[in-house]
> 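After the structure tokens below, expect a handful of questions from me.
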Amino acid sequence: MLTSILSISLGAILINNFIFSQFLGCCPFLGCSSKVDTAVGMGLAVTFVMGLASAICWVVNEYVLMPLGLAFLQTLTFILVIAALVQFVEMFLKKSIPSLYSALGIYLPLITTNCAVLGVVLLNVQNKYNFIESTVYGITGGLGFLLAIVLFASVRERVEFAEYPKSFEGFPICLVTASLLALAFMGFSGMKIF
């Protein structure tokens, strides 16, 4: 069991990173990565939602949808659970950390439609993970997202002061930077765990 959890964790963070290997969740990745502080806030919010959504959706799937023969409603049900969790996170941030709430802007409610969050829940079902494995996969998938967005934000902050051709100003340099980081993460693809 411990090797399985370690394998899932390392896989979600490094080998099958949602951003750099599966290319899920690129909208908030590109939109909220101009400053490291904002990137950390978005990464933590996504990690919280991914972990909680994985746990709750596993329970809903195993104890409600499957016994009632409603497996065809999985995607719709999972989206509703994720939307409720994002509303909770949004209300919490608005009351507790208003500066982060305003910095995240429109990208915070977009976590509801973040394909990485829905992807982790659907992959839990597809891989037939149990409750603990699903929750670990959700949390570590979020930590992989956090790692990716913070690395990207720190590089973007440094690139802001670098000299590069005028044709790369703005969004093109962001795409080049993201592609180089994705190439770096591809080095983990040959990694074997146990």
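Any value given below was found using the heavy atoms of this structure, including those in side chains, with hydrogens, waters and symmetry copies removed.
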> For F18, does its backbone N or O pair with a side-chain atom of S21 as donor and acceptor, under 3.5 Å?
no
> Would you say L30 and F171 make side-chain contact, with heavy atoms under 4.5 Å?
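With C-beta onward as the side chain, the pair touches.
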> Hey, does F78 have a side-chain heavy atom less than 4.5 Å from the side chain of V125?
yes
> How long is the span from the CG atom in L143 to the CD1 atom in I13, to the nearest 0.5 Å?
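Going from the CG atom of L143 to the CD1 atom of I13 covers 5.0 Å.
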> Would you please indicate if the ring centroids of F20 and F29 are separated by under 6.0 Å?
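Centroid separation for F20 and F29: below 6.0 Å.
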> Are the side chains of V136 and S9 in contact, using a 4.5 Å heavy-atom criterion?
yes
> For M186, is there any backbone N or O sitting under 3.5 Å from a side-chain donor or acceptor partner on S189?
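Looks like yes, one N/O pair under 3.5 Å.
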> Please step through side chain to side chain contact (heavy atoms under 4.5 Å, CB included) for the pair L52 and V81, ending with a clear verdict.
CA-CA 10 Å; L52 209 53; V81 168; over 6 Å; no
> Quick one, V150 with L146, criterion side chain to side chain contact (heavy atoms under 4.5 Å, CB included). Give me CA distance, side-chain angles, the key distance, then yes/no.
CA-CA 6 Å; V150 168; L146 174 67; 3.9 Å; yes
> Got a donor-acceptor contact below 3.5 angstrom from the S134 side chain to the A55 backbone?
no
> Let me confirm one number: the CG-CG distance from L122 to L24, rounded to the nearest 0.5 Å.
10.0 Å
> Check whether any side-chain heavy atom of V36 lies under 4.5 Å from a side-chain heavy atom of V40, and answer yes or no.
yes
> Which atom pair, heavy atoms only, marks the closest approach of E169 to P172?
O-CD, 3.3 Å
> So, for M50 and G141, which heavy atoms are closest and what is the spacing to 0.1 Å?
SD-C, 3.9 Å
> Rounded to the nearest 0.5 Å, what's the gap from CZ on F72 to OG1 on T77? Could you check?
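Taking CZ in F72 and OG1 in T77, the distance rounds to 9.0 Å.
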> Is there a side-chain contact between K95 and Y101 (heavy atoms, below 4.5 Å)?
no
> Name the residue from N16, V120, N17 that meets the side-chain contact (heavy atoms from CB on, under 4.5 Å) definition with Q22.
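Of the listed options, the one satisfying the test is N16.
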> Would you kindly confirm whether L123 and M66 end up in one hydrophobic cluster when ILVMFWY residues are joined by side chain heavy atoms under 4.5 Å apart?
no
> Looking at A182 and F23, what are the two nearest heavy atoms and their distance?
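Reported closest heavy-atom pair: CB-CE2, 4.4 Å.
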> Is there a path from L73 to V64 through hydrophobic residues (I, L, V, M, F, W, Y) whose side chains come within less than 4.5 Å of each other?
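Linked within one cluster.
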> Under a 3.5 Å cutoff, is there a donor and acceptor pairing between the side chains of N124 and S54?
yes
> Which heavy atom in L85 sits nearest to a heavy atom in V49, and how many Å separate them?
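It is CD1-O, 4.0 Å.
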> How far does OG1 of T47 sit from CE of M42, to the nearest 0.5 angstrom?
11.0 Å
> Given the rule in the side chain to side chain contact (heavy atoms under 4.5 Å, CB included) test, do Y164 and V159 qualify, once you have shown the distances and angles that lead to the verdict?
CA-CA 9 Å; Y164 44 83; V159 166; 3.7 Å; yes
> Check whether any side-chain heavy atom of V89 sits under 4.5 Å from a side-chain heavy atom of I111, and report yes or no.
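They are not in side-chain contact.
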> Within the supplied structure, the quantity of interest is the number of heavy atoms (other residues, nucleotides, ligands) at a distance under 6.0 Å from F88 CZ; does it exceed 12?
no
> Do side-chain atoms of N114 reach the backbone of A116 as a donor and acceptor pair under 3.5 angstrom?
yes
> More than 12 heavy atoms of other residues, nucleotides or ligands under 6.0 Å from OH of Y63: is that the case?
no
> If only atom types and distance count, is the side chain of S33 paired as donor or acceptor with the main-chain N or O of A153 below 3.5 Å?
no
> Side chains of T135 and W58: closer than 4.5 Å at any heavy-atom pair?
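Heavy-atom side-chain distance check fails, nothing below 4.5 Å.
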> Quick one: are L44 and F48 in side-chain contact, heavy atoms under 4.5 Å?
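Heavy-atom side-chain distance check fails, nothing below 4.5 Å.
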> Can a side-chain donor-acceptor contact be found between N61 and Q74 if the only test is distance below 3.5 angstrom?
yes
> Could you check whether any side-chain N or O of E133 sits under 3.5 Å from a backbone N or O of I5, counting only pairs where one atom can act as donor and the other as acceptor?
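Between the backbone of I5 and the side chain of E133 there is no qualifying donor-acceptor contact (under 3.5 Å).
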> With a 4.5 Å cut-off on side-chain heavy-atom distances among I, L, V, M, F, W and Y, is there a chain of contacts connecting L180 to L151?
no
> Measure the OG-CD distance between S34 and E157 for me, rounded to the nearest 0.5 Å.
8.0 Å
> Please report the interatomic distance CG(L14) to CZ(F185), rounded to the nearest 0.5 Å.
6.0 Å
> Work out which heavy atom in I19 is nearest to a heavy atom in G25; give both atom names and the distance.
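Looking at all heavy atoms of both residues, the closest pair is CD1-O, 3.3 Å.
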> Out of curiosity, does F92 fall in the hydrophobic cluster containing I56 (side-chain heavy atoms, cut-off under 4.5 Å, transitive links)?
yes
> State plainly whether one hydrophobic cluster holds both L93 and M91, where clusters connect Ile, Leu, Val, Met, Phe, Trp and Tyr through side-chain heavy atoms under 4.5 angstrom apart.
no
> List the atom of P28, the atom of I149, and the distance in Å for their closest heavy-atom pair.
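Closest heavy-atom pair between P28 and I149: O-CD1, 3.7 Å.
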